[in-house]
Amino acid sequence: MMELLQRGYVTSVAATAGCTTEVIQNDSWGIDVQFVRPPVSATQCESMLWAQLKSTTQHTPDPQKEFFSYQFTKRQYFDHMVKYRTTGPKAVLIVMTVPQNQLEWTEVGHSGLFTKRACYWVHLEGETSEADRPTVRIPTKNIFDAGALAEILDKLDRGESLRE
């Protein structure tokens, strides 16, 4: 169920940023979703970004702290995120933190549907680890929202790094 919640979250963020979201049905390469932003004109290329989606009930990120840690359950998921992608889209890891009680994941009121907690993103290309279940640091400032997605795609369009 956490996967469904996270897909809804990232799809809503993408729509707000003017992007489409394509769910990758066969998770062979550690990629769960592709974001596509249409070009400004017919002579330009669209912008694309791949993402691996992970959810956890183990963390409540503290915005006063610089990061929180996420541990991969399988080495292969880490390996897919750290490899250098010289052609095709770059990839980010998007980690969603949710309350342990499923009934607390969302709240509905007259002003809207609210998802409890948030998604955070990190670009891991080039990272290293010898662990079977690597742990990575997720910056608490990297909340995944429409502005962040647009900025990520803008940086990629300009050929800039997503690394801090």
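Computation of the quantities below employed the complete heavy-atom set of this structure, encompassing side-chain atoms and omitting hydrogens, waters and symmetry-equivalent molecules. Remember, it's a predicted structure, so these values are computed and weren't measured experimentally.
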If I compare all heavy atoms of [X] with all of [Y], which pair ends up nearest, and what's the gap?
X      : Y      : value
Lys155 : Ser161 : CD-O, 3.9 Å
Cys119 : Met96  : SG-CB, 3.5 Å
Ser69  : His59  : O-NE2, 2.7 Å
Val122 : Pro139 : CG2-CD, 4.0 Å
Gln71  : Arg133 : NE2-O, 3.1 Å
Pro134 : Ser129 : CB-OG, 3.6 Å

I want to check something: taking the side chain as every heavy atom from C-beta on, are [X] and [Y] in contact at a cut-off of under 4.5 Å?
X      : Y      : value
Ser55  : Glu3   : no
Ile152 : Lys90  : no
Asp62  : Phe68  : no
His123 : Asn142 : no
Glu46  : Pro38  : no
Thr57  : Met2   : yes

Should [X] and [Y] be counted in the same cluster of Ile, Leu, Val, Met, Phe, Trp and Tyr side chains packed under 4.5 Å apart?
X      : Y      : result
Trp50  : Met48  : no
Leu149 : Ile31  : yes
Tyr84  : Tyr77  : no
Trp121 : Phe67  : no
Val108 : Trp105 : no

Determine yes or no for a side-chain-to-main-chain donor-acceptor pair under 3.5 angstrom, with Glu107 supplying the side chain and Lys116 the backbone. no
Kindly determine whether Leu153 and Cys19 satisfy side-chain contact (heavy atoms from CB on, under 4.5 Å), including the steps that lead there. CA-CA 10 Å; Leu153 293 170; Cys19 300; 3.6 Å; yes
Taking atom [atom1] of [X] as the centre, does the number of heavy atoms from other residues, nucleotides or ligands within less than 6.0 Å exceed 12?
X      : atom1 : result
Glu151 : CD    : yes
Arg75  : CZ    : yes
Asp132 : CG    : no
Lys74  : NZ    : no
Glu66  : CD    : no

Charged N to carboxylate O under 4.0 angstrom, Arg163 versus Glu127? yes
In this structure, is the centre-to-centre distance between the rings of Phe72 and Phe78 below 6.0 Å? yes
Check whether the ring centres of Tyr70 and Tyr120 lie less than 6.0 Å apart, and answer yes or no. no
Quick one: do Thr106 and Leu5 satisfy side-chain contact (heavy atoms from CB on, under 4.5 Å)? Show the steps, please. CA-CA 9 Å; Thr106 60; Leu5 180 69; 4.0 Å; yes
Using the side-chain contact (heavy atoms from CB on, under 4.5 Å) rule, pick out the option among Thr97, Ile138, Thr73, Val98 that qualifies with Thr56. Thr97
Apply the side-chain contact (heavy atoms from CB on, under 4.5 Å) test between Phe35 and each candidate in Thr20, Thr21, Val13; give the one that qualifies. Thr21
Show the numbers, then the answer: is there a side-chain contact (heavy atoms from CB on, under 4.5 Å) between Met81 and Val136? CA-CA 11 Å; Met81 288 290 94; Val136 295; over 6 Å; no
Check the pair Val33 / Arg7 against side-chain contact (heavy atoms from CB on, under 4.5 Å), numbers first and verdict last. CA-CA 8 Å; Val33 67; Arg7 279 191 198 166; over 6 Å; no
